[in-house]
**Q** 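Provided herewith is a single structure, encoded as structure tokens, for subsequent inquiry.
Just so you know, these numbers use all the heavy atoms, side chains as well, and skip hydrogens, waters and symmetry mates.
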Amino acid sequence: MSDETTPAAVPHGRFVWHDLRTTDPDAAKAFYAALFGWDIQDVPMPHGTYRMISDRPADEGGQGLGGIEDVPQEGVPAHWLGYVTVSDVDAAAEAATSGGGQVHMPPTDIPEVGRFSIVADPSGAVVAPFRSASGDLPEPEGPPTAGQFCWDELVSTDAAACEGFYQNLFPWRLESMTMPSGPEMPEFTYHLFKRGEGEAAKDGAGMLQMPPQAEGPSHWIPYIAVDDVDALCAKAESLGACIYKQPDDIPNMGRFAVLGDPQGATFAVWKNLEQPQG
């Protein structure tokens with residue numbers, strides 16, 4: 001049964017897949033396998049090799065998380081691309097255009113997998129509306145475990161222009177909150193995209209205005225759950241990563257850090273504070 005006909009179901013608008021589009025797929029494969037212990041297998045495709053990411057080997061019950069592929073064209077920086085479920089990919093592409101964004105890839109079928117498009121929001125960040133060929137994807141059971149994606153956050157050069165865009169693109173509604181200041185960060189507004197209503201509502205994604213001192217284009221940052229943020233950052237640096245935001249706590253929530261892989265793609269790591277470090 002579909003989300004539209006199941007009263008208790010949570011609607012679409014969930015990140016379900018992440019592709020790393022990078023300038024050096026083989027180097028990225030080695031980096032992420034060493035950092036998170038991911039099982040990454042080469043899969044021949046008509047357009048080249050796709051490197052399929054699982055949190056662990058298939059014979060150990062590994063769960064598919066995403067893939068690694070070449071950047072689409074020369075000059076495009078390495079970046080992570082998140083896929084978000086929608087009921088109608090074509091309608092989502094039209095909504096992106098009418099909302100002030102652009103369609104980078106028109107709705108396209110992946111045989112036996114589903115249909116997707118790649119769109120850019122008004123500030124330039126890219127995301128992929130996706131509809132599975134098997135219908136509505138079930139909600140995961142329990143919280144993400146170490147090595148799995150656990151959150152997605154948009155850092156935008158024009159967050160105000162993106163508020164309505166994403167509420168029109170996905171079944172999201174916006175809630176905003178003031179985040180307290182800290183030693184390294186002044187008070188700022190955090191935007192939370194919610195999916196669903198009432199008790200069935202779930203957090204869909206986050207958004208914040210890019211800080212004035214930051215450089216670079218708007219981008220989505222995927223968060224990956226880890227057992228120890230500080231240890232992970234030390235290991236990442238030893239593998240050639242840059243630490244853009246040193247490990248820090250969000251009061252009453254968790255500990256995180258923001259990193260850049262050796263090719264420059266940005267990602268973050270997260271640990272809930274109620275779970276002891278180490």
**Q** Is the shortest heavy-atom distance from the side chain of Arg255 to the side chain of Asp230 under 4.5 Å?
**A**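 Heavy-atom side-chain distance check passes, below 4.5 Å.
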
**Q** Kindly write out the residues that satisfy side chain to side chain donor-acceptor pair (under 3.5 Å) with Ser132, not counting sequence neighbours, or none if the list is empty.
**A**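 Counting only residues at least two positions away or on another chain, Ser132 forms a side chain to side chain donor-acceptor pair (under 3.5 Å) with Ser134.
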
**Q** Would you say the side chains of Gln263 and Asp24 form a donor-acceptor pair under 3.5 Å?
**A**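 Not at all, the side chains of Gln263 and Asp24 share no donor-acceptor pair under 3.5 Å.
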
**Q** Run the side chain to side chain donor-acceptor pair (under 3.5 Å) test against Ser54 and tell me which residues pass, sequence neighbours left out.
**A**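 Not a single residue meets the side chain to side chain donor-acceptor pair (under 3.5 Å) criterion with Ser54.
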
**Q** Kindly list each side-chain donor-acceptor pair under 3.5 angstrom involving residues 69-78, sequence neighbours excluded, with atom names and distances?
**A**
none

**Q** Output the distance between atom NE2 (His219) and atom CH2 (Trp80), rounded to the nearest 0.5 Å.
**A**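 His219 atom NE2 to Trp80 atom CH2 measures 14.0 Å (nearest 0.5 Å).
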
**Q** For Thr157 and Ser218, which I'm curious about, is there any donor-acceptor pair between the side chains at under 3.5 Å?
**A**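 Indeed, the side chains of Thr157 and Ser218 share at least one donor-acceptor pair under 3.5 Å.
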
**Q** Ignoring hydrogens, what is the shortest heavy-atom contact between Phe36 and Leu232? Give both atom names and the distance.
**A**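 Distance-wise, the nearest heavy atoms are CE2-CD2, 4.0 Å.
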
**Q** For Asn252, is the CG atom crowded, meaning more than 12 foreign heavy atoms sit under 6.0 Å from it?
**A**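 Count not over threshold, so no.
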
**Q** Can you name the side chain to side chain donor-acceptor pair (under 3.5 Å) partners of Asp90, sequence neighbours left out?
**A**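 Asp90 satisfies side chain to side chain donor-acceptor pair (under 3.5 Å) with Arg115 only.
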
**Q** Taking salt bridge (Lys or Arg N to Asp or Glu O under 4.0 Å) as the definition, give me every residue that meets it alongside Glu175, ordered by chain and number, with sequence neighbours left out.
**A**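 Per chain and number, Glu175 pairs via salt bridge (Lys or Arg N to Asp or Glu O under 4.0 Å) with Arg173.
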
**Q** Less than 6.0 angstrom separating the ring centers of Trp220 and Phe149, yes or no?
**A**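 They do not qualify: ring centres at least 6.0 Å apart.
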
**Q** Between Thr189 and Leu208, is there a side-chain heavy-atom distance shorter than 4.5 Å?
**A**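 Heavy-atom side-chain distance check fails, nothing below 4.5 Å.
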
**Q** Less than 4.5 Å apart, side chain to side chain, heavy atoms only: is that true for Tyr83 and Phe116?
**A**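 Heavy-atom side-chain distance check passes, below 4.5 Å.
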
**Q** Crowded around Glu237 CD? As in, over 12 foreign heavy atoms under 6.0 Å?
**A**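 Above 12, so yes.
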
**Q** Determine whether the aromatic ring centres of Trp172 and Phe165 lie less than 6.0 Å apart.
**A**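 Centroid separation for Trp172 and Phe165: 6.0 Å or greater.
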
**Q** Without hydrogens or angle criteria, can the side chains of Asp19 and Tyr50 be said to hold a donor-acceptor pair below 3.5 Å?
**A**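 Yes - a donor-acceptor pair under 3.5 Å links their side chains.
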
**Q** I need the minimum non-hydrogen distance between Val229 and Ala257, along with the two atoms involved.
**A**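 Of all heavy-atom pairs spanning Val229 and Ala257, the closest is CG1-CB, 3.9 Å.
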
**Q** Could you verify whether a donor N or O on one side chain and an acceptor N or O on the other, from Asp39 and Gln41, lie under 3.5 Å apart?
**A**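 Asp39 vs Gln41: donor-acceptor pair found between side chains.
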
**Q** Let me check something: do Trp270 and Leu154 share a hydrophobic cluster, defined by ILVMFWY side-chain heavy atoms less than 4.5 Å apart, either directly or through other members?
**A**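 Unlinked, Trp270 and Leu154 end up in two clusters.
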
**Q** For the residue pair Ser123 / Ser156, report whether a side-chain donor-acceptor contact shorter than 3.5 Å exists.
**A**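 Side-chain D/A pair, Ser156 to Ser123: present.
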
**Q** Heavy atoms only: give me the nearest Leu81-Ala128 pair and the separation to one decimal.
**A**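 Reported closest heavy-atom pair: CD1-N, 4.0 Å.
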
**Q** Glu153: what forms a side chain to side chain donor-acceptor pair (under 3.5 Å) with it, not counting sequence neighbours?
**A**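 With sequence neighbours excluded, Glu153 shows a side chain to side chain donor-acceptor pair (under 3.5 Å) to Tyr190, Tyr223, given in chain and number order.
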
**Q** Applying a strict under-4.5 Å side-chain criterion to I, L, V, M, F, W and Y, I'd like to know whether Met105 and Val86 cluster together.
**A**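 Shared cluster, no.
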
**Q** Per the side chain to side chain contact (heavy atoms under 4.5 Å, CB included) rule, which among Lys29, Met52, His18 passes with Ile68?
**A**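 Among the candidates, only Lys29 passes.
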
**Q** Would you confirm whether the ring centroid of Trp151 sits within less than 6.0 angstrom of the ring centroid of Phe193?
**A**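 Not close enough - the centres of the two rings lie 6.0 Å or further apart.
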
**Q** Would you say His12 and Arg131 are linked by a side-chain donor-acceptor pair, where the criterion is simply a distance under 3.5 Å?
**A**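 Distance-only check passes for Arg131 and His12.
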
